[in-house]
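Step one of this worksheet: look at the structure below.
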Protein chains: 2
Amino acid sequence: MVTMLDVARRAGVTKQTVSNVVRGRAIVSAETKAKVEAAIAELGYTPNLVARSLATGTTMTIGFIVPTIANPFYSEVVEVVETLLEEHGYHLLLATTRGDGERARRHLATLSNRSVDALLVAGDFDLSEHVPLLGEYGLPVALCAWEIDPPDTLPVVTIDYEKAGYLAGRHLRELGHQRLVSIAELPAHRVRVGGAHRAFAEDGIVVTDDSVFAIPDSTPESGYEAALLALSADRTADRTTAVFASTDAIALGVMEAVRHNGLRVPEDVSVVGIDDIPQAAHAHPPLTTVALPKRRMAQEATGLLLRGIAENQPPSPSLTLLSPEVLVRASSAPPAG
Amino acid sequence: MVTMLDVARRAGVTKQTVSNVVRGRAIVSAETKAKVEAAIAELGYTPNLVARSLATGTTMTIGFIVPTIANPFYSEVVEVVETLLEEHGYHLLLATTRGDGERARRHLATLSNRSVDALLVAGDFDLSEHVPLLGEYGLPVALCAWEIDPPDTLPVVTIDYEKAGYLAGRHLRELGHQRLVSIAELPAHRVRVGGAHRAFAEDGIVVTDDSVFAIPDSTPESGYEAALLALSADRTADRTTAVFASTDAIALGVMEAVRHNGLRVPEDVSVVGIDDIPQAAHAHPPLTTVALPKRRMAQEATGLLLRGIAENQPPSPSLTLLSPEVLVRASSAPPAG
DNA sequence: TTGAAAGCGCTAACAT
DNA sequence: ATGTTAGCGCTTTCAA
């Protein structure tokens, strides 16, 4: 392995001068610089980043802990974060928790041992119990996509998921729907359901618990099954005219089930989802949904961390709640009759 | 910051002993070990991984360069790789190229400077010109998901994409289809198209170039547009009865377009895709496709690298071609009449 | 079994 | 503008 000392000897200077050239410091004379660069080229020298990290105390990488990247929501967030980091010369150490709290803890333990300059944590379920630890690592930490009970001891950049549910509910209310069925991944999305119910409650309509169908994951298949159940449970006299799905993926399955029951979307049943996944716009009919500003979230969170590093102090506790937005498409309409 | 020396003093031993305890070496007496562990707990000591890396020359992280993780194909591969690495105590440094060759080069440059113990590279387009460099980094390198012209100078674990196309084509031939239309992201998937054509050529049917519709990306929308074009260009006398799509996403759009044209899948037109994405099985009708063994690929590639690290020598050049498999579902059937 | 010494390759003062 | 001197915190010889 060719080291800085090798280069220095070859160029007839000291390590320090080589270092100055490598780091692009302006204090090196043009001719020394040329000599050093020649030596670097001849020897094929490349600086050892680990040694630099030990000397500077900075690794130029940030850790990102996410539940999974199989879910497009997270993979998009990861991609945005990675791009932003790269623009600032930082690298991304990615760790997934996959619903495994123990695994999450291990990741936290290693990443915090100075192998990253800052830590971003997305999602909540697997990690919420470890939140108290996060503050003690002495490095900038931020949370994002924190749907349930964001802690007030750390900076968190997340989305107003309650509002997302509320907006979906209000949209249905404004169309004139009186009876709501919710199909949601629970408990993960209970805040969204709460928001939808609040919209109805505002108008004096109490949504009862038996209108909420819990499913274990956010897939079209689970949505389909639950919707079949929900529709069959329906009393014909007072039919459900609106279904709120806690994600677009679920909503896709719900629309399927509605059709399967010989009903039409939106003429017989309106369906509204949350997230605005790519397929939503191209579904049949195009799905009305509430778009979650995930890119914005990724940007804000990354910015927070980068600033924390630059100012050499952990960002102070704060809660940034980004607003979702309704996208009215063709899957929702006023109730018939 | 509390260092190993602090712990050593507190416990009344030397750094070396502390190190032995931390690394779990068996040579430490029970009582010294207890003293040291007490000191570690009291001081809240945690080892500095960067310093360890400098001393050992190993970082316990491997770099993975992928085109994007927005594409589920890659995100699934990344997730499998990450899981496998974690099981072996390794971390994942993730870098995306996003179709930017320059960016790819930068990533290569930094990652190779001893910040990773090995390098895995997926995809091809953005990086193919840099392949010659890969061998010179002195660290284990492997390629995966290399669809076009895998180099013979490096170990590569990829899928037999030509066979995937061939299997799709042969399936259609076996059903009795005589005329094929292909809708493919080109040039990325030209090997797949070639495979499909080979299946027809085997039976003496030459597929002409004007039956291939090139689209710029693998989305249902592009597939939809192209299929509309393809179907309208059709001479009624000699109608196309089979469409080969180079990915499932495209195939979904194709089925859409077929229906839009008042035709039925598979009665009037058979549609076959490649990849077996989750939606394929739940499409209407369920999509016949060729499943790509991406998990296997991720496993083999990771294993190759881990072995390379363990044996302290770069894995030797090799080509592992994993076989795809046809999944016959309801979107394909014998041609009418 | 434990201790002492010598690096790993680099950066950051300070001195020249 | 360049050289000198100390480390960064750990691991790894080699002695004791």
Side-chain angles (χ1 to χ4, degrees), chain A residues 1-40 43-61 89 110 112-117 138-139 312, chain B residues 1-37 39-40 43-61 89 110 112-117 137-139 312:
Chain A
M1 158 181 302
V2 29
T3 76
M4 194 170 260
L5 186 58
D6 298 327
V7 175
R9 282 204 263 258
R10 174 77 159 229
V13 296
T14 58
K15 280 197 306 184
Q16 177 55 23
T17 303
V18 177
S19 174
N20 286 147
V21 171
V22 169
R23 314 283 300 264
R25 292 222 206 288
I27 58 170
V28 189
S29 76
E31 57 176 338
T32 346
K33 188 174 169 215
K35 272 194 307 190
V36 171
E37 279 170 346
I40 288 176
L43 266 31
Y45 167 77
T46 96
N48 182 323
L49 266 23
V50 174
R52 177 179 294 174
S53 287
L54 181 60
T56 59
T58 147
T59 60
M60 298 305 282
T61 105
T110 20
S112 60
N113 282 203
R114 276 155 219 91
S115 51
V116 297
D117 292 346
L139 47 80
N312 194 27
Chain B
M1 159 181 301
V2 29
T3 77
M4 193 170 259
L5 186 59
D6 297 327
V7 175
R9 281 203 264 259
R10 173 77 160 230
V13 297
T14 59
K15 279 198 307 185
Q16 175 53 21
T17 304
V18 178
S19 175
N20 285 147
V21 172
V22 170
R23 312 285 299 265
R25 293 226 205 287
I27 57 171
V28 189
S29 75
E31 56 177 337
T32 341
K33 187 173 170 217
K35 271 193 307 188
V36 171
E37 280 169 346
I40 288 176
L43 265 30
Y45 167 78
T46 98
N48 181 324
L49 267 21
V50 174
R52 177 179 294 174
S53 287
L54 182 59
T56 59
T58 146
T59 60
M60 297 305 282
T61 104
T110 19
S112 60
N113 285 202
R114 276 153 218 93
S115 50
V116 297
D117 291 346
Y137 291 137
L139 46 79
N312 195 26

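In what follows, chains are A, B, ... by sequence order, proteins preceding strands, each numbered from 1.
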Checklist entry - Looking across every strand, which nucleic acid part, if any, lies under 4.0 Å from A/Thr14 by heavy atom: base, sugar-phosphate, or nothing? => result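 The answer is base, as A/Thr14 lies within the cut-off (heavy atoms under 4.0 Å) of a base atom.
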Next on the checklist: Any base atoms under 4.0 Å from A/Val13, or only sugar-phosphate, or nothing? Heavy atoms, all strands.
Outcome noted: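 Answer is sugar-phosphate: A/Val13 comes under 4.0 Å of backbone atoms only.
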Identify the heavy atoms of [X] and [Y] that sit nearest to each other, and give their distance.
X: B/Val2; Y: B/Gly44; answer: CG1-O, 4.0 Å
X: B/Leu139; Y: B/Val116; answer: CD2-O, 3.6 Å
X: A/Val18; Y: A/Val13; answer: CG2-CG2, 3.9 Å
X: A/Thr32; Y: A/Thr17; answer: CG2-CG2, 4.2 Å

Checklist entry - Heavy atom of residues 22-37 of chain A under 4.0 Å from DNA chain C: which residues? => result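 Heavy-atom cutoff 4.0 Å gives A/Arg23, A/Arg25.
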Tell me: [atom1] of [X] to [atom2] of [N], nearest whole Å?
X: A/Arg52; N: C/dC10; atom1: CZ; atom2: C1'; value: 8 Å
X: A/Tyr45; N: C/dG9; atom1: OH; atom2: P; value: 10 Å
X: A/Asn20; N: C/dA12; atom1: CG; atom2: P; value: 10 Å
X: B/Gln16; N: C/dG3; atom1: CD; atom2: P; value: 10 Å
X: A/Leu54; N: C/dC10; atom1: CG; atom2: P; value: 12 Å
X: A/Asp6; N: C/dC10; atom1: CG; atom2: C1'; value: 13 Å

Checklist entry - Looking only at side-chain N and O atoms, does B/Thr17 come under 4.0 Å of OP1 or OP2 in C/dG3? => result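 So the side-chain polar atoms of B/Thr17 do come within 4.0 Å of the phosphate oxygens OP1 or OP2 of C/dG3, strictly under.
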Checklist entry - Angle, rounded to 10°, between the helical axes spanning five pairs at each terminus of the helix from C/dT1-D/dA16 to C/dT16-D/dA1? => result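 Roughly 30° between the end axes, to the nearest 10°.
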Checklist entry - Reading DNA chain D 5' to 3', which nucleotide is the first, and which the last, to come under 4.0 Å of any heavy atom in chain A? => result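 Footprint of chain A along DNA chain D, 5' to 3': D/dA1 to D/dG9.
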Separation of [Y] [atom2] from [X] [atom1] (nearest 0.5 Å):
X: B/Asn113; Y: A/Leu49; atom1: CG; atom2: CG; answer: 5.5 Å
X: B/Leu5; Y: B/Arg10; atom1: CG; atom2: CZ; answer: 13.5 Å
X: B/Met4; Y: B/Arg9; atom1: CE; atom2: CZ; answer: 13.5 Å
X: A/Ile40; Y: A/Lys33; atom1: CD1; atom2: NZ; answer: 10.0 Å

Checklist entry - Between A/Thr3 and A/Asn48, does a side chain to side chain contact (heavy atoms under 4.5 Å, CB included) hold up when you go through it step by step? => result CA-CA 8 Å; A/Thr3 76; A/Asn48 182 323; over 6 Å; no
Checklist entry - Any side-chain hydrogen bond (donor to acceptor under 3.5 Å, both in side chains) pairs touching residues 50-59 of chain B, not counting sequence neighbours? => result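 Listed by first then second residue: B/Thr58-B/Asp117, B/Thr59-B/Asp117.
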Next on the checklist: Within a 6.0 Å radius of atom NZ on A/Lys35, are there more than 12 heavy atoms belonging to other residues, nucleotides or ligands?
Outcome noted: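 Correct, the count exceeds 12.
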Under 3.5 Å donor-acceptor pairs involving side-chain atoms of residues 19-28 of chain B, not counting sequence neighbours:
{"from": "B/Asn20", "atom 1": "OD1", "to": "B/Gln16", "atom 2": "NE2", "distance (Å)": "3.1"}

Filtered N/O pairs between nucleotides 14-16 of chain C and protein, under 3.5 Å:
none

